[in-house]
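Remarks on the structure that follows.
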Amino acid sequence: MPSRPSRADTDTPSAEQVRPAVLDWIVLKVAQRCNLDCDYCYVYNRGDTSWLTRPTYISQTVVHGLAERIAEQCTRHGLTTFVLELHGGEPLLLGRRRMQSLIDVVRETCAPVQVQVMLQTNGLLLDTEWLEFFARNSVGFGLSLDGPPELADRHRVLRGSGAGTTQRLLDIVSSLRAQGPLFDELLGGVLCVVDPSIHGGTLVRWFVDQGFRDFDLLLPDGTYVNLPQGWTGPGPYRRFLLEAFEEWYHGGPDAPRIRLFELMMLALLGRTNTLDALGGDLKGLCVVESDGSIGISDVLRICLGPYATDTLNVFEHPLDAPADHYRIDALQQPCDTCVRCPHFTSCQGGYLPHRFDGASFANPSIYCEALYALSDRMTAVLAADLPAAAWQPVPSA
Ligand code: SF4
Ligand code: SF4
(Lines give C-alpha, C1' and ligand atoms only; values in the text may rest on other atoms or scores of the structure.)
(Ligands and ions follow the chains in the order given, each with its own letter.)
Protein backbone atom coordinates (compact mmCIF):
# COMPACT_ATOMS: atom_id res chain seq x y z
CA MET A 1 0.00 0.00 0.00
CA PRO A 2 1.11 3.56 -0.28
CA SER A 3 1.73 4.28 3.33
CA ARG A 4 3.14 7.36 4.82
CA PRO A 5 6.90 7.06 4.72
CA SER A 6 8.16 4.66 7.32
CA ARG A 7 11.03 6.76 8.57
CA ALA A 8 13.34 4.72 10.72
CA ASP A 9 12.77 6.50 13.96
CA THR A 10 14.62 3.94 16.00
CA ASP A 11 17.73 5.50 14.49
CA THR A 12 16.83 9.12 15.09
CA PRO A 13 19.08 11.16 17.29
CA SER A 14 18.26 12.15 20.82
CA ALA A 15 16.49 15.41 21.57
CA GLU A 16 19.79 17.16 22.20
CA GLN A 17 21.16 16.07 18.82
CA VAL A 18 18.20 16.90 16.61
CA ARG A 19 19.22 19.03 13.62
CA PRO A 20 17.01 21.02 11.28
CA ALA A 21 15.53 18.55 8.81
CA VAL A 22 17.54 18.16 5.61
CA LEU A 23 15.79 16.28 2.85
CA ASP A 24 17.48 12.88 2.76
CA TRP A 25 14.51 10.65 1.91
CA ILE A 26 12.32 10.19 -1.15
CA VAL A 27 9.12 8.27 -1.55
CA LEU A 28 9.13 7.30 -5.22
CA LYS A 29 5.95 6.21 -7.00
CA VAL A 30 7.41 3.68 -9.42
CA ALA A 31 4.04 2.24 -10.46
CA GLN A 32 0.91 4.36 -10.49
CA ARG A 33 -1.51 1.41 -10.60
CA CYS A 34 -2.40 -1.26 -8.09
CA ASN A 35 -3.74 -4.80 -8.16
CA LEU A 36 -5.82 -3.95 -5.05
CA ASP A 37 -8.55 -1.38 -4.48
CA CYS A 38 -8.58 -0.66 -0.75
CA ASP A 39 -11.49 1.55 0.23
CA TYR A 40 -9.35 3.86 2.39
CA CYS A 41 -6.56 4.26 -0.17
CA TYR A 42 -5.49 7.89 -0.42
CA VAL A 43 -4.23 7.37 -3.97
CA TYR A 44 -7.45 6.03 -5.49
CA ASN A 45 -10.35 6.58 -3.14
CA ARG A 46 -9.99 9.88 -1.28
CA GLY A 47 -10.79 12.35 -4.05
CA ASP A 48 -7.46 12.89 -5.83
CA THR A 49 -7.64 11.61 -9.41
CA SER A 50 -4.15 12.57 -10.56
CA TRP A 51 -3.13 8.90 -10.84
CA LEU A 52 -5.43 8.58 -13.87
CA THR A 53 -3.25 10.83 -16.01
CA ARG A 54 0.17 9.75 -14.81
CA PRO A 55 2.30 7.16 -16.59
CA THR A 56 1.58 3.65 -15.32
CA TYR A 57 5.31 3.12 -14.70
CA ILE A 58 8.16 5.48 -14.10
CA SER A 59 10.21 6.03 -17.27
CA GLN A 60 13.98 5.88 -17.73
CA THR A 61 13.92 9.62 -18.41
CA VAL A 62 12.37 10.34 -15.01
CA VAL A 63 14.73 7.89 -13.30
CA HIS A 64 17.78 9.65 -14.75
CA GLY A 65 16.39 13.11 -13.91
CA LEU A 66 15.68 12.01 -10.37
CA ALA A 67 19.09 10.39 -9.91
CA GLU A 68 20.74 13.68 -10.87
CA ARG A 69 18.57 15.53 -8.34
CA ILE A 70 19.45 13.11 -5.55
CA ALA A 71 23.16 13.49 -6.34
CA GLU A 72 22.74 17.28 -6.36
CA GLN A 73 20.92 17.23 -3.00
CA CYS A 74 23.63 15.04 -1.43
CA THR A 75 26.43 17.27 -2.71
CA ARG A 76 24.74 20.48 -1.55
CA HIS A 77 24.19 19.17 1.95
CA GLY A 78 27.20 16.88 2.35
CA LEU A 79 24.99 13.80 2.73
CA THR A 80 26.73 10.43 2.72
CA THR A 81 23.54 8.36 2.82
CA PHE A 82 20.15 8.82 1.20
CA VAL A 83 16.96 6.76 1.44
CA LEU A 84 14.92 5.79 -1.60
CA GLU A 85 11.58 4.30 -0.64
CA LEU A 86 9.72 2.67 -3.53
CA HIS A 87 5.95 2.94 -3.45
CA GLY A 88 2.98 2.73 -5.78
CA GLY A 89 0.21 1.81 -6.32
CA GLU A 90 1.96 -1.48 -6.02
CA PRO A 91 5.71 -1.15 -6.65
CA LEU A 92 6.25 -4.81 -7.55
CA LEU A 93 4.13 -4.24 -10.68
CA LEU A 94 7.21 -2.50 -12.08
CA GLY A 95 8.87 -5.88 -12.50
CA ARG A 96 12.41 -6.93 -11.60
CA ARG A 97 14.12 -5.83 -14.83
CA ARG A 98 12.91 -2.24 -14.63
CA MET A 99 13.44 -2.08 -10.86
CA GLN A 100 17.00 -3.36 -11.25
CA SER A 101 17.72 -0.69 -13.81
CA LEU A 102 16.23 2.02 -11.57
CA ILE A 103 18.31 0.97 -8.56
CA ASP A 104 21.48 0.72 -10.65
CA VAL A 105 21.01 4.16 -12.23
CA VAL A 106 20.36 5.88 -8.90
CA ARG A 107 23.19 4.16 -7.05
CA GLU A 108 25.70 4.69 -9.85
CA THR A 109 24.76 8.33 -10.36
CA CYS A 110 24.94 9.10 -6.64
CA ALA A 111 28.13 7.17 -5.78
CA PRO A 112 29.89 7.39 -3.36
CA VAL A 113 26.70 8.32 -1.50
CA GLN A 114 25.16 5.18 -0.06
CA VAL A 115 21.59 4.95 -1.37
CA GLN A 116 19.49 2.73 0.88
CA VAL A 117 16.53 1.26 -0.97
CA MET A 118 13.37 0.07 0.69
CA LEU A 119 9.94 -0.75 -0.59
CA GLN A 120 6.36 -0.96 0.69
CA THR A 121 4.26 -3.71 -0.86
CA ASN A 122 0.83 -5.29 -0.50
CA GLY A 123 2.69 -8.60 -0.87
CA LEU A 124 0.42 -10.33 -3.36
CA LEU A 125 3.17 -10.56 -5.97
CA LEU A 126 5.90 -11.58 -3.55
CA ASP A 127 7.71 -14.80 -4.43
CA THR A 128 11.11 -16.43 -4.06
CA GLU A 129 12.51 -14.51 -7.03
CA TRP A 130 11.53 -11.21 -5.50
CA LEU A 131 13.13 -12.13 -2.16
CA GLU A 132 16.35 -13.10 -3.94
CA PHE A 133 16.21 -9.84 -5.88
CA PHE A 134 15.85 -7.89 -2.63
CA ALA A 135 18.72 -9.79 -1.05
CA ARG A 136 21.01 -9.20 -4.06
CA ASN A 137 20.24 -5.49 -4.03
CA SER A 138 20.11 -4.95 -0.24
CA VAL A 139 16.48 -3.88 -0.40
CA GLY A 140 14.37 -4.11 2.74
CA PHE A 141 10.62 -4.21 2.46
CA GLY A 142 7.53 -3.40 4.50
CA LEU A 143 4.31 -5.33 4.17
CA SER A 144 0.77 -3.94 4.31
CA LEU A 145 -1.57 -6.15 6.29
CA ASP A 146 -4.57 -4.99 8.29
CA GLY A 147 -5.37 -8.04 10.40
CA PRO A 148 -7.35 -11.26 10.07
CA PRO A 149 -9.22 -11.88 6.81
CA GLU A 150 -12.68 -11.36 8.31
CA LEU A 151 -11.60 -7.83 9.28
CA ALA A 152 -9.11 -6.80 6.60
CA ASP A 153 -11.12 -8.12 3.66
CA ARG A 154 -13.75 -5.47 4.33
CA HIS A 155 -11.23 -2.99 2.96
CA ARG A 156 -8.39 -4.72 1.12
CA VAL A 157 -9.95 -6.23 -1.97
CA LEU A 158 -8.78 -7.21 -5.43
CA ARG A 159 -9.26 -4.52 -8.05
CA GLY A 160 -12.00 -5.62 -10.41
CA SER A 161 -13.48 -8.61 -8.61
CA GLY A 162 -13.69 -7.09 -5.13
CA ALA A 163 -12.58 -10.41 -3.65
CA GLY A 164 -10.76 -10.49 -0.31
CA THR A 165 -6.98 -10.73 -0.42
CA THR A 166 -5.79 -11.40 3.11
CA GLN A 167 -5.80 -15.21 3.20
CA ARG A 168 -3.93 -15.23 -0.09
CA LEU A 169 -1.29 -12.95 1.40
CA LEU A 170 -1.02 -15.08 4.54
CA ASP A 171 -0.55 -18.18 2.36
CA ILE A 172 2.24 -16.43 0.43
CA VAL A 173 3.94 -15.46 3.69
CA SER A 174 3.69 -19.04 5.02
CA SER A 175 5.11 -20.46 1.84
CA LEU A 176 8.06 -18.01 1.81
CA ARG A 177 8.79 -18.61 5.48
CA ALA A 178 8.80 -22.36 4.85
CA GLN A 179 11.70 -21.84 2.45
CA GLY A 180 14.01 -20.33 5.05
CA PRO A 181 14.72 -17.21 7.07
CA LEU A 182 15.10 -14.77 4.14
CA PHE A 183 11.55 -13.42 4.30
CA ASP A 184 11.86 -12.36 7.93
CA GLU A 185 15.44 -11.16 7.45
CA LEU A 186 14.31 -8.71 4.76
CA LEU A 187 10.98 -7.73 6.29
CA GLY A 188 11.33 -4.36 7.99
CA GLY A 189 7.85 -4.34 9.48
CA VAL A 190 4.14 -4.40 8.82
CA LEU A 191 1.85 -1.40 8.35
CA CYS A 192 -1.71 -1.90 9.53
CA VAL A 193 -4.48 0.61 8.82
CA VAL A 194 -6.77 0.52 11.82
CA ASP A 195 -10.36 -0.69 11.58
CA PRO A 196 -11.58 -0.10 15.14
CA SER A 197 -14.38 -2.64 14.88
CA ILE A 198 -11.94 -5.21 16.30
CA HIS A 199 -10.74 -5.17 19.92
CA GLY A 200 -7.31 -3.54 19.94
CA GLY A 201 -5.78 -6.22 22.16
CA THR A 202 -7.12 -8.97 19.92
CA LEU A 203 -5.49 -7.38 16.90
CA VAL A 204 -2.10 -7.07 18.65
CA ARG A 205 -2.26 -10.74 19.69
CA TRP A 206 -3.25 -11.76 16.16
CA PHE A 207 -0.15 -10.13 14.69
CA VAL A 208 2.08 -11.83 17.26
CA ASP A 209 0.41 -15.20 16.60
CA GLN A 210 1.12 -14.74 12.89
CA GLY A 211 4.80 -14.23 13.66
CA PHE A 212 4.83 -10.44 13.04
CA ARG A 213 6.73 -8.82 15.85
CA ASP A 214 7.32 -5.36 14.39
CA PHE A 215 4.42 -3.33 13.10
CA ASP A 216 2.70 0.02 13.17
CA LEU A 217 -0.89 1.08 13.55
CA LEU A 218 -1.94 3.76 11.05
CA LEU A 219 -5.03 5.86 11.56
CA PRO A 220 -7.05 6.02 8.31
CA ASP A 221 -6.40 9.18 6.37
CA GLY A 222 -8.95 11.97 6.31
CA THR A 223 -9.48 15.65 7.00
CA TYR A 224 -12.29 17.64 8.64
CA VAL A 225 -13.83 18.08 5.19
CA ASN A 226 -12.87 14.71 3.72
CA LEU A 227 -13.48 12.37 6.62
CA PRO A 228 -12.21 8.78 6.66
CA GLN A 229 -14.47 6.07 5.26
CA GLY A 230 -17.15 5.02 7.75
CA TRP A 231 -16.25 7.84 10.16
CA THR A 232 -18.41 8.02 13.28
CA GLY A 233 -15.97 10.21 15.21
CA PRO A 234 -12.70 9.55 17.05
CA GLY A 235 -14.36 7.53 19.83
CA PRO A 236 -13.89 4.06 18.31
CA TYR A 237 -10.22 4.83 17.62
CA ARG A 238 -9.76 6.01 21.19
CA ARG A 239 -11.15 2.71 22.49
CA PHE A 240 -9.11 0.66 20.02
CA LEU A 241 -5.81 2.40 20.76
CA LEU A 242 -6.25 2.10 24.51
CA GLU A 243 -7.03 -1.62 24.21
CA ALA A 244 -4.06 -2.20 21.93
CA PHE A 245 -1.79 -0.21 24.22
CA GLU A 246 -2.75 -2.25 27.31
CA GLU A 247 -2.02 -5.48 25.45
CA TRP A 248 1.32 -4.15 24.28
CA TYR A 249 2.42 -2.54 27.52
CA HIS A 250 1.63 -5.61 29.60
CA GLY A 251 2.99 -8.03 27.01
CA GLY A 252 6.27 -8.51 28.87
CA PRO A 253 9.30 -9.77 26.97
CA ASP A 254 7.07 -11.17 24.21
CA ALA A 255 5.51 -7.81 23.40
CA PRO A 256 5.94 -6.85 19.74
CA ARG A 257 7.38 -3.57 18.59
CA ILE A 258 4.59 -1.12 17.74
CA ARG A 259 6.08 2.06 16.35
CA LEU A 260 3.27 4.44 17.33
CA PHE A 261 3.43 3.36 20.97
CA GLU A 262 7.23 3.24 21.15
CA LEU A 263 7.67 6.70 19.72
CA MET A 264 5.01 8.36 21.84
CA MET A 265 6.49 6.78 24.98
CA LEU A 266 10.00 7.84 23.99
CA ALA A 267 8.75 11.37 23.39
CA LEU A 268 7.26 11.42 26.88
CA LEU A 269 10.70 10.39 28.13
CA GLY A 270 12.34 13.30 26.33
CA ARG A 271 13.22 12.22 22.80
CA THR A 272 12.04 14.48 19.99
CA ASN A 273 9.55 12.76 17.75
CA THR A 274 10.35 12.89 14.04
CA LEU A 275 7.62 10.55 12.78
CA ASP A 276 5.37 12.38 10.35
CA ALA A 277 2.27 10.76 11.86
CA LEU A 278 3.21 12.44 15.14
CA GLY A 279 3.90 15.92 13.86
CA GLY A 280 7.41 15.23 12.57
CA ASP A 281 8.93 17.83 10.24
CA LEU A 282 7.92 17.01 6.65
CA LYS A 283 10.90 18.92 5.22
CA GLY A 284 13.04 15.79 5.58
CA LEU A 285 11.39 14.04 2.66
CA CYS A 286 9.49 14.52 -0.58
CA VAL A 287 7.36 12.42 -2.86
CA VAL A 288 8.20 11.94 -6.54
CA GLU A 289 5.43 10.69 -8.81
CA SER A 290 5.89 8.43 -11.84
CA ASP A 291 5.92 11.46 -14.17
CA GLY A 292 8.60 13.23 -12.13
CA SER A 293 6.27 15.61 -10.25
CA ILE A 294 7.55 16.51 -6.76
CA GLY A 295 5.35 17.11 -3.74
CA ILE A 296 5.69 17.31 0.03
CA SER A 297 3.70 14.25 0.98
CA ASP A 298 1.37 12.25 -1.22
CA VAL A 299 -1.14 11.93 1.63
CA LEU A 300 -1.53 15.73 1.56
CA ARG A 301 -3.29 15.22 -1.77
CA ILE A 302 -6.44 14.27 0.15
CA CYS A 303 -6.62 18.00 1.03
CA LEU A 304 -7.19 18.58 -2.70
CA GLY A 305 -6.92 22.07 -4.25
CA PRO A 306 -3.31 23.30 -4.35
CA TYR A 307 -2.15 20.24 -2.41
CA ALA A 308 -3.31 17.97 -5.23
CA THR A 309 -1.95 20.17 -8.03
CA ASP A 310 1.41 19.47 -9.64
CA THR A 311 3.63 22.50 -10.07
CA LEU A 312 7.16 21.16 -9.48
CA ASN A 313 9.14 18.39 -11.15
CA VAL A 314 12.57 16.78 -11.07
CA PHE A 315 13.57 18.24 -14.44
CA GLU A 316 13.23 21.87 -13.39
CA HIS A 317 13.36 21.95 -9.60
CA PRO A 318 15.57 20.68 -6.77
CA LEU A 319 14.08 18.07 -4.46
CA ASP A 320 13.62 20.47 -1.58
CA ALA A 321 11.66 23.00 -3.70
CA PRO A 322 8.27 21.84 -2.32
CA ALA A 323 9.21 23.01 1.18
CA ASP A 324 9.47 26.62 -0.05
CA HIS A 325 6.68 26.39 -2.60
CA TYR A 326 4.12 25.18 -0.05
CA ARG A 327 5.62 27.28 2.78
CA ILE A 328 5.87 24.11 4.79
CA ASP A 329 7.26 25.74 7.94
CA ALA A 330 4.18 27.97 8.21
CA LEU A 331 1.87 25.13 7.21
CA GLN A 332 3.20 22.86 9.94
CA GLN A 333 2.89 25.41 12.76
CA PRO A 334 0.76 23.80 15.46
CA CYS A 335 -2.44 25.56 16.47
CA ASP A 336 -2.83 27.27 19.86
CA THR A 337 -4.87 24.36 21.22
CA CYS A 338 -2.06 21.91 20.46
CA VAL A 339 0.69 24.18 21.78
CA ARG A 340 -1.17 24.48 25.09
CA CYS A 341 -2.05 20.76 25.21
CA PRO A 342 -0.39 18.74 28.00
CA HIS A 343 0.25 15.98 25.44
CA PHE A 344 1.87 18.07 22.74
CA THR A 345 5.25 16.49 23.44
CA SER A 346 4.13 13.04 22.36
CA CYS A 347 1.44 13.93 19.82
CA GLN A 348 2.62 17.23 18.28
CA GLY A 349 -0.79 17.71 16.69
CA GLY A 350 -0.73 14.38 14.87
CA TYR A 351 -0.37 13.94 11.13
CA LEU A 352 -0.50 17.15 9.08
CA PRO A 353 -3.21 16.09 6.59
CA HIS A 354 -5.44 15.08 9.50
CA ARG A 355 -5.42 18.72 10.69
CA PHE A 356 -6.87 20.23 7.52
CA ASP A 357 -10.29 21.93 7.74
CA GLY A 358 -10.62 23.00 4.12
CA ALA A 359 -8.80 26.28 4.66
CA SER A 360 -5.86 25.68 7.00
CA PHE A 361 -3.90 23.15 9.02
CA ALA A 362 -4.08 25.20 12.24
CA ASN A 363 -6.24 22.67 14.04
CA PRO A 364 -5.81 19.65 16.26
CA SER A 365 -5.96 16.31 14.46
CA ILE A 366 -9.34 14.78 13.66
CA TYR A 367 -8.00 12.02 15.96
CA CYS A 368 -7.27 14.45 18.81
CA GLU A 369 -9.54 12.72 21.31
CA ALA A 370 -7.91 9.35 20.64
CA LEU A 371 -4.33 10.66 20.70
CA TYR A 372 -4.98 12.65 23.86
CA ALA A 373 -6.40 9.62 25.67
CA LEU A 374 -3.52 7.42 24.54
CA SER A 375 -0.88 9.88 25.67
CA ASP A 376 -2.74 10.40 28.94
CA ARG A 377 -2.67 6.67 29.63
CA MET A 378 1.00 6.44 28.70
CA THR A 379 1.77 9.29 31.08
CA ALA A 380 -0.12 7.50 33.85
CA VAL A 381 1.71 4.19 33.42
CA LEU A 382 5.09 5.93 33.32
CA ALA A 383 4.23 7.81 36.50
CA ALA A 384 3.12 4.58 38.16
CA ASP A 385 5.97 2.36 37.01
CA LEU A 386 9.06 4.59 37.08
CA PRO A 387 10.69 6.05 40.17
CA ALA A 388 9.61 9.68 40.47
CA ALA A 389 13.23 10.80 40.58
CA ALA A 390 13.89 9.13 37.23
CA TRP A 391 11.05 10.64 35.32
CA GLN A 392 8.92 13.73 35.20
CA PRO A 393 6.57 14.55 32.33
CA VAL A 394 8.34 16.59 29.67
CA PRO A 395 6.65 20.00 29.84
CA SER A 396 4.83 21.28 26.78
CA ALA A 397 5.80 24.61 25.28
S1 SF4 B 1 -2.59 -1.90 -1.80
FE2 SF4 B 1 -4.44 -0.74 -1.31
S3 SF4 B 1 -3.72 1.03 -0.14
FE4 SF4 B 1 -1.95 0.17 -1.24
S5 SF4 B 1 -1.86 1.28 -3.20
FE6 SF4 B 1 -3.05 -0.55 -3.54
S7 SF4 B 1 -5.18 0.13 -3.26
FE8 SF4 B 1 -3.87 1.66 -2.30
S1 SF4 C 1 -3.80 15.54 21.76
FE2 SF4 C 1 -5.05 16.91 20.46
S3 SF4 C 1 -4.69 18.99 21.27
FE4 SF4 C 1 -3.08 17.63 22.09
S5 SF4 C 1 -1.38 17.90 20.66
FE6 SF4 C 1 -2.58 16.11 19.98
S7 SF4 C 1 -4.03 16.89 18.48
FE8 SF4 C 1 -3.24 18.66 19.61
Side-chain angles (χ1 to χ4, degrees), residues 1-11 24-36 56-58 60 62-63 66-67 70 81-111 113-145 156 165-166 168-192 207 210-216 256-257 259 285 287-288 290:
M1 70 166 277
S3 61
R4 61 211 55 170
S6 46
R7 293 178 70 83
D9 278 67
T10 45
D11 296 332
D24 61 359
W25 195 299
I26 281 180
V27 174
L28 179 60
K29 306 303 204 78
V30 297
Q32 214 81 45
R33 303 290 186 271
C34 190
N35 44 350
L36 267 62
T56 304
Y57 302 114
I58 192 168
Q60 278 295 308
V62 173
V63 170
L66 171 64
I70 296 174
T81 61
F82 196 92
V83 177
L84 183 62
E85 184 167 339
L86 308 182
H87 273 222
E90 169 49 46
L92 299 192
L93 287 172
L94 187 67
R96 283 183 285 280
R97 186 181 54 79
R98 275 183 290 210
M99 195 176 290
Q100 184 69 66
S101 168
L102 182 156
I103 291 170
D104 290 346
V105 167
V106 173
R107 283 185 169 152
E108 283 162 20
T109 307
C110 297
V113 171
Q114 192 196 348
V115 178
Q116 300 166 6
V117 182
M118 58 177 71
L119 174 151
Q120 185 69 28
T121 176
N122 62 39
L124 289 189
L125 297 173
L126 271 182
D127 58 16
T128 311
E129 287 72 31
W130 270 115
L131 288 189
E132 289 169 352
F133 174 91
F134 295 159
R136 268 198 314 279
N137 288 284
S138 304
V139 174
F141 71 96
L143 198 63
S144 302
L145 170 63
R156 296 185 70 77
T165 57
T166 309
R168 194 161 134 194
L169 174 58
L170 294 174
D171 292 344
I172 290 169
V173 170
S174 297
S175 147
L176 292 173
R177 279 178 163 159
Q179 295 169 26
L182 195 54
F183 174 86
D184 283 299
E185 286 170 4
L186 294 167
L187 177 65
V190 172
L191 293 179
C192 166
F207 273 109
Q210 299 297 318
F212 296 112
R213 308 202 56 82
D214 192 337
F215 56 95
D216 199 10
R257 302 195 67 175
R259 183 173 60 177
L285 59 93
V287 174
V288 178
S290 68

side-chain hydrogen bond (donor to acceptor under 3.5 Å, both in side chains) between Q60 and S101, worked out
CA-CA 9 Å; Q60 278 295 308; S101 168; 2.9 Å; yes
Using the side-chain contact (heavy atoms from CB on, under 4.5 Å) rule, take D24 and V83 through it: C-alpha gap first, then chi angles, then the decisive distance, then the call.
CA-CA 6 Å; D24 61 359; V83 177; 6.0 Å; no
Go through L187 and F141 one step at a time and tell me if the side-chain contact (heavy atoms from CB on, under 4.5 Å) criterion holds.
CA-CA 5 Å; L187 177 65; F141 71 96; 3.5 Å; yes
For the pair N122 and T165, evaluate side-chain contact (heavy atoms from CB on, under 4.5 Å) and give the outcome as yes or no after the intermediate values.
CA-CA 10 Å; N122 62 39; T165 57; over 6 Å; no
Could you check L94 against L86 for side-chain contact (heavy atoms from CB on, under 4.5 Å), going step by step and ending with a plain yes or no?
CA-CA 10 Å; L94 187 67; L86 308 182; over 6 Å; no
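Side chain of K29 to main chain of V288: no donor-acceptor pair is present (N/O by atom type, distance under 3.5 Å, no hydrogens or angles). Of the possible polar contacts, none joining the S175 side chain to the D171 backbone as a donor-acceptor pair under 3.5 Å is found.
For the atom pair CG of L93 and CE of M99, the computed distance is 9.0 Å after rounding to the nearest 0.5 Å. Here R96 contributes atom CZ and I103 contributes atom CD1; the two are 12.0 Å apart, rounded to the nearest 0.5 Å. I172 contributes atom CD1, which lies 8.5 Å from atom CG of D127 (distance to the nearest 0.5 angstrom). Distance check: Q116 CD to F82 CZ gives 10.5 Å after rounding to the nearest 0.5 Å. Atom CG of residue L84 and atom NE2 of residue H87 lie 10.0 Å apart, to the nearest 0.5 angstrom. Taking OG1 of T128 as the start and CG of L182 as the end, the distance is 9.0 Å to the nearest 0.5 Å.
F183 has its ring centre no less than 6.0 Å from the ring centre of F134.
Figure legend: cation-pi geometry between R177 and F212, with NZ or CZ positioned under 6.0 Å from the six-membered ring centre and within 45° of its axis.
Within a 6.0 Å radius of CZ in R168, other residues, nucleotides and ligands contribute 12 heavy atoms or fewer.
Side-chain contact, N35 with E90: no donor N or O sits under 3.5 Å from an acceptor N or O.
Contact record, A67 with C110: O-SG, 3.7 Å, taken as the closest heavy-atom pair.
Annotation: side chain of L143 is in contact with side chain of T121 (closest heavy-atom distance under 4.5 Å).
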